[in-house]
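Here the structure is laid out as structure tokens; the discussion comes afterwards.
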Amino acid sequence: MRNRAPPRLSAWMDVWFDVAHHLETALKAAAAELGWPAGSFTPDVRTADPRFGDFQANGVLSYAKASATPGTKQNPRALAQALMDALLRREGAALTDRMTVSIAGPGFINFALKPSFLLTWLRTFDREDDLRRGAGQRLASQTWIVDYGSPNTAKQMHVGHIRSIIIGEAICRLLEFCGAKVVRDNHLGDWGTQFGKILYGYKHHLDRAALERDPLEEFERLYKAADAACKESPAALEEARLELVRLQNGEADAVSLWERVNQLSIDTLNSIYARLGVRYDHFLGESFYRDRIEAVYRELIGAGLAVESEGALVVFHPEHPRFATQPFIVRKSDGASNYASTDLATMAYRVEHFKADGVIVVTDARQNDHFEQLWLTTQKWFAHAGRRLPQFQHVTFGTILGEDGKAIKTRSGDPIRLKALLDEAEERAFAVVTEKNADLPEAKRREIARAVGIGAVIYADLSQNRSSDYVFSWDKLLSLDGNTAPYLLYACVRIASILRKLEPAQDVGAENATPFETPEEIALARKLVAFPGAIDQAVSTLRPHFISLYLYELAGAFSSFYNANRVLVDEPEVRARRLVLCRRTLMTLQTGLHLLEIRTLDQM
RNA sequence: GCUCCUGUAGUUCAAUGGAUAGAAUGUUGGCCUCCGAAGCCGAAGAUCCGGGUUCGACUCCCGGCGGGAGCACCA
């Protein structure tokens with residue numbers, strides 16, 4: 001964009017990328033000057049309801065109570081006044097040139113940015129790199145391992161797998177945006193009981209012709225047949241268990257079949273990941289850790305954490321209400337390892353090899369107990385072994401429901417294949433694009449349908465709080481109205497369209513822009529300046545829906561502005577400032593949508 | 001039985017202990033001689049129940065009720 005302000009670092013530092021953060025710091029200093037102890041006062045700055053300003057500091061209210069001594073009462077409004085006076089004294093024109101400060105209600109301090117500052121801010125941070133640099137200080141120099149996706153091999157992915165992939169990838173992008181080095185690891189389930197069953201199925205139920213035709217399909221059928229057999233017959237179950245032990249002991253025939261299944265699986269998985277815009281750095285599945293498990297057993301036993309119980313090696317946590325008696329089984333009574341064993345080895349490897357500062361595992365909420373036990377065990381183990389303890393977050397999510405409110409399934413009751421879901425999304429989007437824009441060439445419509453269809457599926461997931469279940473509805477996610485990917489993409493397209501119509505001679509440059517005047521201009525500018533707050537909320541909670549919510553509100557502010565204020569007007573200075581808004585809105589929408597794995601368009 | 005998640009307009013979702021609980025959809029009234037109407041502006045409509053903490057509770061605590069899930073060798 002040719003209208004960019006000169007990239008002087010000093011100017012950049014001067015403008016305060018994250019205004020809320022700056023106010024927080026300034027208010028702390030002012031409070032210190034008044035002698036308010038840092039322990040009992042925090043400014044508590046947050047984005048405000050637009051009616052009251054851009055930011056509000058609520059900390060005085062709780063401080064008034066905390067600082068009251070018996071028999072004395074602190075008047076929060078008077079305290080707010082004192083704090084505001086101190087703030088204005090310290091900051092002077094640097095503050096008052098940029099915003100108006102006022103006290104309201106019982107003791108809120110409100111900050112309303114002035115139009116001239118809004119303009120300066122928008123002219124200063126006008127490229128994605130500027131946003132990235134502003135946000136990138138938060139996690140600078142930290143390494144985070146994100147373990148997501150992580151399906152079992154030997155089965156095709158179904159809808160149940162999509163949330164981990166989508167949420168995990170969004171978290172990766174968010175952490176990178178905030179400056180972290182991110183390692184994307186697909187912790188494949190490639191070493192578990194299902195292989196015992198496949199080996200059993202291969203011996204008893206193999207259809208060689210089917211294996212030639214579609215190997216993965218046949219392996220999946222074998223697994224199902226064996227699984228059914230194991231449910232009916234204890235002898236079959238026992239045989240499948242022994243097959244797993246044979247595999248884990250390195251028997252050649254078992255290993256070679258296992259390798260074949262895995263290679264086939266990974267190829268299929270990758271084709272899905274590519275469609276979703278996901279590229280893993282590693283596929284370190286459970287099997288990768290098989291030579292590290294003995295050491296885990298040794299250290300756990302050495303630390304006195306693991307004990308024999310009912311023939312298995314388990315860890316109890318006596319201080320915990322449930323895990324005092326509910327065991328964490330690290331080695332099965334038949335000697336085989338399980339996912340507790342591999343997950344413990346994985347935790348150690350991530351710290352040793354990747355020097356992880358933090359580890360994030362993204363799975364559905366049903367695995368809560370497992371990861372709670374894993375983390376309890378890890379903390380004690382690492383402390384005993386003198387290992388460095390990383391941060392750990394188990395990021396969970398709810399179930400995808402069908403429109404009947406039950407877990408989503410096909411009519412016949414089988415899980416919906418992920419590939420089929422994505423295909424249908426593209427087909428449905430293609431039909432809509434064709435209906436709305438029949439004159440575009442088919443190749444173009446296909447391309448748009450890919451972005452819109454896949455984007456709609458991704459956005460439907462990321463636009464809601466991950467911890468709840470959500471109802472999957474084609475009509476809703478592709479409806480193009482409301483908080484959907486198509487609505488946001490449409491906003492991008494309209495801006496791109498204006499910029500296409502803009503003639504070079506009309507493009508007089510952002511330096512000629514006058515401060516915003518109309519209510520719609522001001523509302524849009526304020527929303528743009530609120531971007532750092534949305535990033536902050538999303539990353540501090542690892543909840544991407546805060547980004548989505550922000551983008552939806554931004555697109556809404558733009559649409560209102562677009563409808564009420566013509567951009568390509570005759571007055572050069574009005575045109576210039578509206579172009580600043582258009583360009584910044586487009587850039588912010590693109591930045592945010594890319595964080596959410598959605599490809600943007602300039603036509604749809 | 002114990003534990004975790006979850007109950008917000010008819011429906012699908014928001015709301016870091018803050019000001020008058022926001023949207024969308026559906027219902028309904030307007031707006032294209034104007035940069036893409038896949039849009040914009042307006043109306044009506046909700047915190048499961050009962051206690052408690054707080055200056056202030058959808059949010060925190062206790063007790064119910066409803067939905068989902070986990071609890072010894074699946075992951």
Side-chain angles (χ1 to χ4, degrees), chain A residues 44 46-49 51-52 56 58 61-62 64-65 76 104-108 110 150-152 189 191-194 197 227 241 286 309-314 321-323 325-334 336 338-340 342-343 363-370 372 396-399 401 403 405-407 432-433 435-437 452 463-465 467-471 473 475-476 479-484 486-487 489-491 493-502 533 536-537 540-541 543 545-546 548-549 552-553 556 559-564 566-569 578 582 603-604:
Chain A
D44 190 18
R46 61 184 64 192
T47 52
D49 186 308
R51 284 175 306 206
F52 307 122
Q56 57 177 282
N58 297 342
L61 289 161
S62 46
K65 186 190 163 206
F108 302 113
N110 291 334
S150 306
N152 285 338
W191 201 237
T193 307
Q194 81 270 26
K197 291 181 179 170
D227 193 47
R241 279 211 182 112
E286 293 171 340
S309 172
E310 300 180 24
L313 188 66
V314 310
R322 258 171 317 132
F323 303 142
T325 53
Q326 184 180 318
F328 188 50
I329 299 171
V330 299
R331 187 179 63 208
K332 301 196 285 183
S333 53
D334 61 13
N338 64 2
Y339 79 144
T342 46
D343 278 357
T363 79
D364 67 86
R366 288 178 301 188
Q367 299 190 37
N368 271 338
D369 278 3
H370 168 74
E372 200 182 334
T396 62
F397 49 85
T399 312
L401 307 176
E403 295 189 67
K406 312 245 181 200
V432 178
V433 174
E435 178 198 324
K436 302 280 182 188
N437 239 329
V452 173
S463 61
Q464 348 212 356
N465 190 330
S467 46
S468 339
D469 297 345
Y470 83 89
V471 176
S473 152
D475 287 341
K476 191 187 162 203
S479 82
L480 322 177
D481 288 316
N483 190 5
T484 64
Y487 178 80
L489 291 173
Y490 182 63
V493 164
R494 287 203 294 189
I495 299 171
S497 182
I498 293 172
L499 297 177
R500 272 198 300 273
K501 291 217 158 58
L502 174 70
D536 179 67
Q537 270 193 303
S540 61
T541 57
R543 291 183 189 273
H545 81 282
F546 285 114
S548 151
L549 184 65
Y552 178 57
E553 288 173 354
S559 292
S560 300
F561 157 77
Y562 174 90
N563 233 263
R566 196 176 162 76
V567 175
L568 301 180
V569 292
R578 291 184 180 167
C582 286
Q603 245 186 315
M604 66 189 277

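Just so it is clear, the structure is predicted and the values come from calculations on it, not from any experiment.
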(message) Regarding B/A75, can its base be found pairing with the side chain of A/Y339 as donor and acceptor, where the two atoms are less than 3.5 Å apart?
(response) yes
(message) Nearest to the A/Q56 side chain among B/U3, B/A19, B/A75, which nucleotide is it?
(response) B/A19
(message) Just N and O in the side chain of A/T399: are any of them under 4.0 Å from OP1 or OP2 of B/A69?
(response) no
(request) Syn or anti for B/C40, please, going by whether the chi angle lies within 90° of 0. (result) anti
(request) Identify whether any heavy atom of A/E372 sits under 4.0 Å from a base atom; if not, whether one sits that close to sugar-phosphate; answer base, sugar-phosphate or nothing. (result) nothing
(request) Name the nucleic acid region contacted by A/V471, choosing base, sugar-phosphate or nothing; use a 4.0 angstrom heavy-atom cut-off, strictly under. (result) sugar-phosphate
(request) Might you confirm whether atom CZ of A/R322 has over 12 heavy atoms from other residues, nucleotides or ligands at distances under 6.0 Å? (result) yes
(message) Counting only side-chain heavy atoms from C-beta out, which of B/C35, B/G70, B/A72 sits nearest to A/V567?
(response) B/C35
(request) Kindly give the heavy-atom pair with the smallest separation between A/F397 and A/D364, and that separation in Å. (result) CZ-N, 3.3 Å
(message) With hydrogens left out and only the distance checked, is there a donor-acceptor pair under 3.5 Å joining A/R322's side chain and the base of B/U3?
(response) no
(message) Return the pairing partner of B/G39 with a 3.5 Å limit on both distances, Watson-Crick or G-U wobble; otherwise return none.
(response) B/C31
(message) Measuring only the C1' atom in each nucleotide, how far is B/U47 from B/G29? A whole number of Å is fine.
(response) 29 Å
(request) Would you indicate, yes or no, if B/A75 has its OP1 or OP2 atom less than 4.0 angstrom from a side-chain nitrogen or oxygen of A/T193? (result) yes
(request) Consider only side-chain N and O atoms of A/R543 and A/S467, and report whether a donor and an acceptor are under 3.5 Å apart. (result) yes
(message) Please determine whether a side-chain nitrogen or oxygen atom of A/Y487 lies at a distance below 4.0 Å from atom OP1 or OP2 of B/U25.
(response) no
(message) At less than 3.5 Å, do the side-chain atoms of A/S467 and the base atoms of B/C5 form a donor-acceptor pair?
(response) no
(request) Establish whether the base of B/A75 is bridged to the side chain of A/T363 by a donor-acceptor pair shorter than 3.5 Å. (result) no
(request) Look at all strands and tell whether A/N437 reaches a base, only sugar-phosphate, or nothing, counting heavy atoms closer than 4.0 Å. (result) base
(request) Scan every strand shown for a Watson-Crick or G-U wobble partner of B/A69, both distances under 3.5 Å, and answer none if you come up empty. (result) B/U3
(request) Can you figure out which of B/U16, B/A75, B/G36 approaches the side chain of A/Q537 most closely? (result) B/U16
(message) From C-beta outward on A/S560, which listed nucleotide comes closest to its side chain: B/U16, B/C41, B/A15?
(response) B/C41
(message) Please classify the nucleic acid contact of A/S497 as base, sugar-phosphate, or nothing, using heavy-atom distances under 4.0 Å.
(response) base
(request) For A/Y490 and B/G39, say yes or no: do the ring centres fall under 5.5 Å of each other while the ring planes differ by less than 30°? (result) no
(request) Would you mind classifying the nucleic acid contact of A/H370 as base, sugar-phosphate or nothing, using non-hydrogen atoms under 4.0 angstrom? (result) nothing
(message) Within the 4.0 Å heavy-atom criterion, would you say A/L401 contacts the bases, only the backbone, or no part of the nucleic acid?
(response) nothing
(message) At less than 4.0 Å, is any side-chain N or O atom of A/R46 found next to OP1 or OP2 of B/G17? Yes or no.
(response) no
(request) Under 4.0 Å between any heavy atoms, over every strand shown, what does A/A104 touch: base, sugar-phosphate, or nothing? Just pick one. (result) base
(message) As a test of reading the structure: which of B/A19, B/G70, B/U16 is closest to the side chain of A/D369, going by heavy atoms?
(response) B/G70
(message) Within the 4.5 Å heavy-atom criterion, are A/L61 and A/F108 side-chain neighbours or not?
(response) yes
(request) Can you label the angle between the A/H370 ring and the A/F328 ring as parallel, tilted or perpendicular, going by 30° and 60°? (result) tilted
(message) Check this one for me: any side-chain N or O of A/K436 less than 4.0 Å away from OP1 or OP2 of B/G36?
(response) no
(message) Counting distance alone, no hydrogens or angles: does the base of B/A19 have a donor or acceptor under 3.5 Å from a partner atom on the side chain of A/N58?
(response) no
(message) If you compare every side-chain N and O of A/R366 against the phosphate oxygens of B/C5 (OP1, OP2), does one of them come in below 4.0 Å?
(response) no
(message) Regarding A/Q464, tell me which of base, sugar-phosphate or nothing describes its non-hydrogen contacts under 4.0 Å with the strands shown.
(response) sugar-phosphate
(message) Taking pairing as Watson-Crick or G-U wobble with both contacts under 3.5 Å, can you name the mate of B/U8, or confirm there isn't one?
(response) none
(message) Base, sugar-phosphate or nothing for A/D227? Non-hydrogen atoms, less than 4.0 Å.
(response) nothing
(message) Quick check for you: among B/C73, B/G36, B/A75, whose closest atom lies nearest to any side-chain atom of A/A312?
(response) B/C73
(message) From the set B/C35, B/C73, B/U6, return the single nucleotide nearest to any side-chain atom of A/I329.
(response) B/C73
(request) Under 4.0 Å between any heavy atoms, over every strand shown, what does A/Y552 touch: base, sugar-phosphate, or nothing? Just pick one. (result) sugar-phosphate
(request) May I ask you to say what A/R51 touches in the nucleic acid, namely base, sugar-phosphate or nothing, with a heavy-atom cut-off under 4.0 Å? (result) base
(message) Counting only side-chain heavy atoms from C-beta out, which of B/G18, B/A37, B/G68 sits nearest to A/F108?
(response) B/G18
(request) Using a 4.0 Å heavy-atom cut-off across all strands, classify A/S540 as base, sugar-phosphate, or nothing. (result) nothing
(request) Hunt down the Watson-Crick or G-U wobble partner of B/C55, both distances under 3.5 Å, from any strand shown, or write none. (result) B/G18
(request) Report which part of the nucleic acid A/P486 touches: base, sugar-phosphate, or nothing (heavy-atom distance under 4.0 Å, all strands). (result) nothing
(request) Kindly say if A/K65 contacts the phosphate of B/G56, meaning a side-chain N or O under 4.0 Å from OP1 or OP2. (result) no
